[in-house]
Amino acid sequence: MTFDHFSFDRRICAGITACGYSTPTPIQTLAIPEVLKGRDVMGLAQTGTGKTAAFALPILQRLLNSDARGQGPVRTLVLAPTRELALQIQESFDILGKQAGIRSAAVFGGVGFNPQINAARKATIVVACPGRLVALLQQGVLKLDSVDTLVLDEADRMLDMGFMPDLKRIMSRLPAKRQNLLFSATMPADIRKLADTILVDPARVQVSNTAPVECVTQAFYPVSDHLKAGLLEALLQSVEHESVLIFTRTKHRAKNLAKRLGLRGLNTTFLQGNMSQNQRQRALDGFRCGTFEIMVATDIAARGIDCDRISHVINFDAPDTAETYTHRIGRTGRAGRTGAALSLITRDDHLVVRDIERVLRRRVDQCTVDGFDYDQPFKAQPGGGNRDRTRSQQRKPSAPGGRNSRPQRSRRSSARAS
Ligand code: AMP
């Protein structure tokens, strides 16, 4: 199928061309016709599946159909959990809607109010983080009386982050008659409840949760805790990669690891919660355009990172849950490309490893990095840097042989994103 199927206005087709899209992704094929009909939609899809354009394109078309143009009032409100995601969505609207002359604005915390207020007043589409939007509504500087389409993107994340009270406040300011689109990567009970409250006879569109994972090669690298940083460096040397996103458990570990890799001459940046908006943006822009080949991030900070060139996701620290694992590895293998997800695992991670394999319904190859000395003894750091001495006695992975990573459990090599 091509985008011609949807008979978009030629100005929107120009936006699609500007983005370089030629065929719709599965979520787009399913969602676009429903949104165009004006139906409420419950979309179950992860980021990386093309879900932004799945709602942005038909929304732009409907705005054109209803003669919306030029400056305000706000007709479409998109709510997103993080600044990064809000900006990415707004940029997508911006590019896709450029020829159509439909203005959009992003509203998020951590920056000054006035430029946002001015931009939002002139926009037909506002993409907002709930906290800042509530602040604008309370100040009475933005009205939502003309909103006829509401999108809740990454709704599960918004609820995880405690935005439910803000969402309720915002929805109480919207006209009752409107189209509602709710997108979520997961469907826990609270999302079901939210969907029941706001959606009227929704079309349910779902792309398989494992879809992005299918084009991502996965491998586990068993290692003792004290050897993780060394193994990571060896791994980075042994795999051919473009951009690499590395996950750590804490902000502190993200910063320290980025510093260590930087000292090894690798162009590395990091992203964590207490950075200023400018610092975050600099890090993200540098990573997106390739100035930094490596980004080290925590789960919260990495939400919504949209960078097509990520060839590898490396879990320096294993995620807490299988769901977080799926989210993390969905950062690579985006938009039909292949990617690799490599996870350093210690003996303490056996429960989450079991859960991940249960969700994937298969075993993940366990690999070693050839030439890496897994027998290095634990060395106490001055000041007691290493967490757990006993971890150094962990079972040693099988002996390395050649230059690249070797699977232990299966013969398939998993380190390379082809
Ligand atoms: P999203 O899931 O909306 O974050 O999109 C993930 C990535 O896929 C973004 O970089 C989009 O620009 C890209 N994308 C979205 N739709 C398409 C398409 N039809 N063809 C190629 N890439 C796409």
Side-chain angles (χ1 to χ4, degrees), residues 1-6 8 12-33 35-36 41 43-61 76 78-98 104 106 125 127 151-158 181-186 205-216 242-243 245 284-285 287-290 295 297 302-311 313 326-339 417:
M1 186 199 273
T2 67
F3 280 102
D4 294 344
H5 178 80
F6 305 115
F8 284 129
I12 292 178
C13 294
I16 296 172
T17 308
C19 283
Y21 305 161
S22 50
T23 45
T25 65
I27 189 75
Q28 290 163 3
T29 305
L30 294 171
I32 289 173
V35 183
L36 282 174
V41 168
L44 204 54
Q46 295 172 343
T47 150
T49 54
K51 70 180 160 55
T52 312
F55 61 78
L57 288 168
I59 285 176
L60 287 165
Q61 180 64 52
T76 297
V78 183
L79 297 174
T82 63
R83 304 174 260 214
E84 285 76 25
L85 185 61
L87 269 172
Q88 278 164 28
I89 297 170
Q90 192 254 326
E91 277 165 18
S92 296
F93 270 112
D94 207 34
I95 304 175
L96 292 169
K98 203 176 189 78
S104 58
I125 297 164
V127 186
V151 183
L152 301 180
D153 195 17
E154 297 205 358
D156 48 353
R157 293 285 170 196
M158 286 200 277
L181 315 176
L182 193 156
F183 287 86
S184 185
T186 57
V205 297
Q206 174 169 5
V207 290
S208 156
N209 263 349
T210 56
V213 177
E214 277 161 16
C215 48
V216 177
E242 286 180 73
S243 299
L245 179 60
L284 276 169
D285 290 346
F287 186 55
R288 253 189 229 127
C289 73
M295 172 174 272
R303 274 174 197 167
I305 288 181
D306 175 21
C307 173
D308 286 346
R309 52 197 300 158
I310 298 175
S311 63
V313 165
T326 317
H327 266 286
R328 285 184 180 184
I329 76 171
R331 305 288 165 200
T332 182
R334 289 163 81 91
R337 295 190 186 199
T338 54

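In listed order, ligands and their atoms are each counted from 1.
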Does ligand 1 have any atom that is closer than 4.0 Å to a heavy atom of I89?
->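 Not so, I89 does not reach ligand 1.
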
Would you say P24 and ligand 1 have an N/O pair spaced under 3.5 Å apart?
->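 Checking ligand 1 against P24, no N or O pair falls under 3.5 Å apart.
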
Between S22 and ligand 1, does any nitrogen or oxygen pair lie at a separation below 3.5 Å?
->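 In fact, backbone or side chain, S22 has no N or O that close.
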
Minimum heavy-atom separation for [X] to [Y], with atom names?
X	Y	value
C289	R309	O-NH1, 3.4 Å
D153	P81	O-CD, 3.4 Å
I32	A54	CG1-O, 3.7 Å

Close-contact set for ligand 1 against [X] heavy atoms, below 4.0 Å:
X	value
T52	1 (P), 3 (O), 4 (O)
F3	19 (N)
T23	18 (C), 19 (N), 20 (N)

Less than 4.5 Å apart, any side-chain heavy atom of [X] and any of [Y]?
X	Y	result
M158	L79	yes
F183	L181	yes
S22	F3	no

Ligand 1 contact on Q88 by region, counting heavy-atom pairs under 4.0 Å |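 Neither part.
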
